[in-house]
Number of protein chains: 2
Amino acid sequence: MTVRMTSARKAILEELESSKAHLTINQIHERLSGRLPSLNVSTVYRSLDFLSQNGLISISDMGVGTPVYEIMKEETHHHLVCSSCKQVIELENDLVAPFFEQIEKEKKTKVITNHLVVFGICLECKEY
Amino acid sequence: MTVRMTSARKAILEELESSKAHLTINQIHERLSGRLPSLNVSTVYRSLDFLSQNGLISISDMGVGTPVYEIMKEETHHHLVCSSCKQVIELENDLVAPFFEQIEKEKKTKVITNHLVVFGICLECKEY
DNA sequence: CTGAATGCAAAGACTTTGCATCAGC
DNA sequence: GCTGATGCAAAGTCTTTGCATTCAG
């Protein structure tokens, strides 16, 4: 079974790559409908399945109801999402890596959370 | 607008309390259909909304496709889910608390992740 | 009593699937 | 040219909603 890099898959990867964002299925479909007017939602579903199965993209739940998809990078990256204003704050790897190492050591597991999401209340929202 | 502790809401809370588990909407509905045969799924949806809005239960994504619901406890609790065999391993609070404290200090936020889920590969699955 | 919560059925949204056609390789 | 991927439409699943009825306070 040979794998084909089709225009749909390529377009999805490019969109996720260039936008560097977490996108929902519908956002991906909308954004691509300019370039690929006949692109069907079912193809987006199938392509996202394919790409995540093959480790090219990752899936996270950021608390918006549906999963979001993003390009899989070498570097892990992590976010703090404000439960109140939904703002996304970056958590530097230096902050998270020691925690993961600790888990791996104590639990003898390999952590593969490529994108950790922690929920909280941001500074601005705390003040009101 | 007065709040009513109805039999549906009470039954859901009791079920989550006694099972001490993460249950999906359907699991909750099934488990209660013995006690409340006429309980409708739509009531389960509405009740879970209500209970989570009011901080009595929490919602997490454990990677099973649908969210799971559980009783909100004073103590936070955290899990490592094996992406391969789906086994759930507890992460002691002692392991996680310092990490959250670090985030709160550096980001000046309040972390309210009551149930952190980290994905990984467990010891057994690593060996095969 | 009163109005919030429920049951029911219907609508809506989201996701998957079968099959003929298309297009990478 | 093969065969995997796509488009389309239809089916399936999950979730929400309107409305009459029920029941908690």
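Here the structure is a predicted model, which means the values were calculated and not measured. Every chain is numbered from 1 and lettered A, B, ... according to where its sequence line falls, protein lines coming before strand lines. No hydrogens, no waters, no symmetry mates; every other heavy atom, side chains included, goes into these values.
If you measure from atom CG of B/Asn40 to atom C1' of D/dT16, you get 12 Å, rounded to the nearest angstrom. Distance, B/Met5 CE to C/dA5 P: 10 Å, rounded to whole Å. Atoms NE2 (A/His29) and P (D/dC8) sit 10 Å apart, rounded to a whole Å. In this structure, B/Leu36 atom CG and D/dC23 atom P are separated by 12 Å, rounded to whole Å. C/dA4 atom P lies 17 Å from atom CG of B/Asp49, rounded to whole Å. Remark: C1' of C/dA5 and NZ of B/Lys10 are 14 Å apart, rounded to the nearest angstrom. When the P atom of D/dT16 is taken as reference, atom CG of B/Leu48 falls 10 Å away, rounded to whole Å. Atom CD of A/Glu30 is separated from atom C1' of C/dC14 by 14 Å (rounded to the nearest Å).
Residue-to-nucleotide contacts include no donor-acceptor pair under 3.5 Å from the side chain of A/Arg46 to the base of D/dG4. With hydrogens and angles ignored, no donor-acceptor pair under 3.5 angstrom links the side chain of B/Arg4 to the base of D/dG25.
Both A/Leu39 and B/Thr66 sit near DNA chain D, but only A/Leu39 has its closest nucleotide nearer the 5' end.
In this model, the phosphate group of C/dG7 is approached by a side-chain N or O of B/Ser38 to a distance below 4.0 Å at OP1 or OP2. Note on B/Thr2: every side-chain N or O is 4.0 Å or more away from OP1 and OP2 of D/dA24. The shortest distance between the side-chain N/O atoms of A/Thr43 and the OP1/OP2 oxygens of D/dG7 is below 4.0 Å. Remark: A/Arg9 is in phosphate contact with D/dA5, judged by side-chain N or O atoms under 4.0 Å from OP1 or OP2. Between B/Ser42 and D/dT16 there is no side-chain N or O to OP1 or OP2 distance below 4.0 Å. Proximity of B/Tyr45 to the phosphate of D/dT15: a side-chain N or O atom is located under 4.0 Å from OP1 or OP2.
Using bins of under 30°, 30° to 60° and over 60° for the plane-to-plane angle, the ring pair B/Phe99/A/Phe99 lands in the parallel bin.
Comparing atom distances between the B/Thr6 side chain and each of C/dG7, C/dT6, D/dT6 picks out C/dT6 as nearest.
In this structure, OH in B/Tyr45 is found 10.5 Å from CD1 in B/Ile28, a value given to the nearest 0.5 Å.
Of the listed residues (B/Arg31, B/Arg35, B/Lys20), just one forms a salt bridge (charged side-chain N to carboxylate O under 4.0 Å, His left out) with B/Glu14, and that residue is B/Arg35.
Taking 4.5 Å as the limit, every side-chain heavy atom of B/Leu51 sits out of range of all side-chain heavy atoms of B/Met72.
With no hydrogens or angles considered, no side-chain donor-acceptor pair links A/Ser58 and A/His115 at under 3.5 Å.
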